[in-house]
Undergrad: 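Dropping a structure here in structure tokens format, bear with me for questions.
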Amino acid sequence: MAENEKEAKSIDQGSLELIEKATKDGVNTAFDRADAMKPCPIGSVGSCCKNCGMGPCRVPLAKGKEETPEEKLKRRGICGATAETIAARNFIRMVAGGAAAHSDHGRGVAELFVAVAKGEAPGYEIKDEQKLLQLALDWGVEIGDRTNNEIATDIGRIALEEFGKQEGEVITTRKAPLKRQELWRQQGVMPRGIDREIVEIMHRTHIGVDQDYRNLLKQGVRASIADGWGGSMIATELQDILFGTPAPIMGTANLGVLREDEVNLIIHGHEPLLSEMIVSVAQEPEMVELAKSKGAKGINLSGMCCTANEILMRHGVGIAGNFLQQELAIVTGAVEAMVVDVQCIMQSIVTVAECYHTKIITTAAKAKIPGAMHIEFNEHDALTSARAIVKAAIENFPNRKGNIHIPDNRTDQIAGFSHETINYLLGGMFRASYRPLNDNIINGRIRGVAGVVGCNNARTKHNEGHVAMVKELIKNDVLVITTGCNAIACAEAGLMVPEAAKEFAGEGLAEVCETVGIPPVLHMGSCVDNSRILIAATAMVKDGGLGDDISDLPVAGAAPEWMSEKAISIGQYFVASGVYTVFGVTWPTTGSKEVTDFLFKEMEEMYGGMWDFEPDPIEGAKKMIAHIDKKRKALGIDKARERVLYDMEMRRELDKV
Ligand code: XCC
Ligand code: SF4
């Protein structure tokens with residue numbers, strides 16, 4: 001590989017060093033595989049169907065002008081399906097995959113929740129009583145003089161029922177602005193039960209069922225709402241009650257959090273159920289003693305992907321990296337064990353680990369990898385599994401092979417900006433509210449708010465899109481809220497400390513950040529925590545002055561380096577909630593102009609939000625800003641901003657004298 005080609009892989013110096021080390025060590029990574037394997041040009045635009053045994057069928061885009069029926073019949077799958085049907089089916093199957101992943105996570109949390117309430121899960125307890133009682137009020141669960149565990153048993157039961165419910169409306173959708181709920185009912189997309197909407201996608205996309213792309217995409221919307229306002233929201237709410245609602249906390253990020261003289265144990269994946277236990281077990285004196293007896297100075301935990309975000313938000317555990325850094329962490333040669341659960345785990349880490357001394361430990365019954373050690377997580381005896389995992393890591397310390405390189409790069413960050421925290425920081429304990437945020441949007445100091453989220457994608461330079469887009473937004477006075485791998489990219493770029501406001505934000509945003517003492521980019525958590533963004537947007541609506549629905553707000557969403565099906569589900573529920581949402585890298589329906597137009601244009605008339613695609617992150621940011629300005633104008637607050645800018649001009653003039 002040429003030197004300049006290697007440089008194009010990441011904007012992160014430490015990652016580049018390890019990509020080079022991997023090459024030297026003869027270890028192939030996702031970066032090499034992305035070079036070696038080009039994406040299929042037909043599949044990547046959504047035009048390949050393999051939903052039955054007569055296919056795969058590849059149906060190309062129509063060539064311009066109106067087709068005659070005879071011509072139309074030549075551009076079909078064997079079953080007669082059109083390019084529109086195929087693209088729409090593929091798209092909503094991605095929604096189904098993503099919604100299933102988030103919701104199954106939510107179900108797992110609900111199951112643990114019930115077990116904890118019944119006293120059948122030693123080691124866990126209810127940490128946020130206030131949030132428990134709030135949820136009881138929201139869901140109509142009797143409080144009276146019942147114990148927390150009694151209340152929690154009812155809450156857990158209701159939560160579990162939401163997955164298998166056949167009729168009615170998913171209970172958490174009640175959190176949405178009333179106007180939005182009404183709109184969903186009108187459009188026929190109010191989800192009934194979480195599992196039902198996902199199953200219905202699988203049915204409708206079977207050969208010969210739903211063959212009207214609009215009707216297919218409508219079901220995609222319904223399932224996505226069941227994700228964001230259902231399964232994901234249940235996951236976030238119950239996790240907060242069990243493990244504590246995040247509050248501002250200091251942490252560090254990047255591969256430099258690994259330590260040469262300690263046992264390095266990386267927790268990678270998504271569900272915080274087990275990682276919470278590992279965090280507490282790693283502090284037990286016997287474990288620390290055991291580590292010392294093996295010649296290590298201590299035990300160093302760090303996180304990867306969304307598990308990293310979860311344990312950072314609640315415990316300040318360091319973040320070793322995001323999606324594309326998982327193999328690189330092992331390439332350091334200093335990782336004793338990487339413990340994984342579900343989602344975004346590259347199968348190749350097992351083989352990369354074989355090239356060094358690292359142990360990969362799978363823990364979920366539903367997610368095994370051949371060649372990995374499997375220590376199954378059992379919620380009824382979580383401490384035992386957690387101890388076995390930490391021990392396995394410690395005992396592997398003496399097996400290091402030398403050839404260690406830990407990049408010297410780590411940044412500080414402040415995380416933990418849950419909705420409750422933002423509410424409190426802005427309004428104070430006794431009058432918690434979003435008022436100051438709304439006021440500063442109305443007076444123009446803050447132009448708007450952008451939710452920038454999502455993955456890394458090996459088809460584009462690691463972290464470049466994330467950081468370029470976020471910098472462009474904050475420079476233009478747009479406050480950024482973030483989750484997932486974008487949050488990690490921002491932390492690694494040093495955007496999550498209060499000082500970043502002065503350095504990178506526009507004057508208006510910087511002024512607000514300095515007054516409140518917050519960074520210009522607020523870390524709201526993991527992928528399921530995108531539900532926090534929905535709650536924050538709803539709080540902005542409820543506080544008043546910015547319209548009466550999310551679609552009125554000067555806000556936008558983006559996933560500049562997306563790759564997972566979960567990102568598609570998230571984007572779809574952002575759009576269904578009224579948010580303009582722009583994705584980078586690639587767009588999976590360009591094989592059908594009709595389907596793409598429907599998503600990019602018609603959806604705006606239906607939901608007030610729509611999809612867009614823009615591979616250039618700066619252009620993407622500009623489009624988001626243009627949408628924010630359009631909403632400001634509709635609200636009649638566009639003049640305020642001109643005045644603020646004028647004020648700044650005047651201030652600069654004054655500075656000169
Ligand atoms: Fe996975 Fe959640 Fe994407 Fe990162 S951002 S690559 S889904 S870890 Ni949700
Ligand atoms: Fe081809 Fe139709 Fe089968 Fe899809 S469902 S593979 S388009 S025959």
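Both counts, for ligands and for their atoms, begin at 1 and track the order of listing.
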Undergrad: Within the stated cut-off of 2.8 Å, is an N/O/S atom of C527 closer than that to atom 2 (Fe) of ligand 1?
TA: yes
Undergrad: Looking at every non-hydrogen atom in both residues, tell me the closest pair between I249 and M313 and how far apart they are.
TA: CG2-O, 3.7 Å
Undergrad: For ligand 1, which atoms, with element, lie under 4.0 Å from some heavy atom of K566?
TA: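 Taking each heavy atom of K566 in turn, ligand 1 has 2 (Fe), 7 (S) under 4.0 Å.
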Undergrad: Quick one: nearest non-hydrogen protein atom to atom 1 (Fe) of ligand 2, plus distance?
TA: C57 SG, 2.3 Å
Undergrad: Near M563, which atoms of ligand 1 are under 4.0 Å from a heavy atom of that residue?
TA: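 Heavy-atom distances to M563 below 4.0 Å select 6 (S).
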Undergrad: Is Q343 in contact with ligand 1, taking contact as a heavy-atom separation below 4.0 Å?
TA: no
Undergrad: For ligand 1, which atoms, with element, lie under 4.0 Å from some heavy atom of C305?
TA: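 Counting atoms of ligand 1 from 1, those under 4.0 Å from C305 are 8 (S).
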Undergrad: Check this for me: does any side-chain nitrogen of one of K218 and D210 sit under 4.0 Å from a carboxylate oxygen of the other?
TA: no
Undergrad: Minimum distance, heavy atoms only, to atom 5 (S) of ligand 1: which one of A559, A489, G454, A308 is it?
TA: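 The residue whose heavy atom sits nearest atom 5 (S) of ligand 1 is G454.
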Undergrad: Keeping S577 on the side-chain end and Y573 on the backbone end, is there a donor-acceptor pair under 3.5 Å?
TA: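 Confirmed, S577 side chain pairs with Y573 backbone.
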Undergrad: Hey, are D104 and K366 close enough for a salt bridge, meaning a charged N less than 4.0 Å from a carboxylate O?
TA: yes
Undergrad: Test of understanding: given a 4.0 Å heavy-atom threshold, classify the contact between R89 and ligand 2 as side chain, backbone, both, or neither.
TA: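 Looking at R89 and ligand 2, just side chain atoms fall under 4.0 Å.
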Undergrad: Under 3.5 Å, side chain of T173 to main-chain N/O of W229, donor-acceptor pair present?
TA: no
Undergrad: List the steps and the verdict of salt bridge (charged side-chain N to carboxylate O under 4.0 Å, His left out) for D227 and K566.
TA: CA-CA 9 Å; D227 173 356; K566 292 187 290 170; over 6 Å; no
Undergrad: Could you check whether W611 and F91 have their ring centres less than 6.0 Å apart?
TA: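 Distance test on ring centres: under 6.0 Å, yes.
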Undergrad: Thinking salt bridges, do D240 and R532 make one under a 4.0 Å N-O criterion?
TA: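 Salt bridge: yes.
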Undergrad: What is the nearest protein non-hydrogen atom to atom 8 (S) of ligand 2, stated with its residue, atom name and distance?
TA: C79 N, 3.4 Å
Undergrad: I'd like to check which ligand 1 atoms, numbered from 1 as shown, lie under 4.0 Å from a non-hydrogen atom of S564.
TA: 7 (S)
Undergrad: Closer than 2.8 Å to atom 1 (Fe) of ligand 1: does that hold for any N, O or S atom in C344?
TA: yes
Undergrad: For atom 4 (Fe) of ligand 2, which protein heavy atom lies nearest, and how many Å away is it?
TA: C49 SG, 2.3 Å
Undergrad: For atom 3 (Fe) of ligand 1, what is the nearest protein heavy atom, given as residue, atom name and distance?
TA: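 In this structure, atom 3 (Fe) of ligand 1 has C455 SG, 2.5 Å as its nearest protein heavy atom.
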Undergrad: Take atom CZ of R76 as the centre, draw a 6.0 Å sphere, and report whether it contains more than 12 heavy atoms from other residues, nucleotides or ligands.
TA: yes
Undergrad: Regarding C306, does it place an N, O or S atom less than 2.8 Å from atom 2 (Fe) of ligand 1?
TA: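 Here the distance criterion (N, O or S atom, under 2.8 Å) is met by C306, so yes.
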Undergrad: Do M496 and I414 pass the side chain to side chain contact (heavy atoms under 4.5 Å, CB included) test, and can you show the C-alpha distance, the side-chain angles, and the key distance before you say yes or no?
TA: CA-CA 6 Å; M496 283 187 174; I414 295 183; 5.9 Å; no
Undergrad: Could you go through the side chain to side chain contact (heavy atoms under 4.5 Å, CB included) check for R75 and E71 one step at a time?
TA: CA-CA 7 Å; R75 230 170 29 83; E71 283 167 340; over 6 Å; no
Undergrad: Specify whether an N/O/S atom of H270 falls short of 2.8 Å from atom 2 (Fe) of ligand 1.
TA: yes
Undergrad: With atoms numbered from 1 as shown, which atoms in ligand 1 lie under 4.0 angstrom from a non-hydrogen atom of C485?
TA: 4 (Fe), 5 (S), 6 (S), 8 (S)
Undergrad: Identify the closest protein heavy atom to atom 3 (Fe) of ligand 2: which residue and atom is it, and at what distance?
TA: C52 SG, 2.3 Å
Undergrad: G55 heavy atoms, cut-off 4.0 Å: which ligand 2 atoms fall inside?
TA: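 With G55 as reference, the close atoms of ligand 2 come out as 6 (S).
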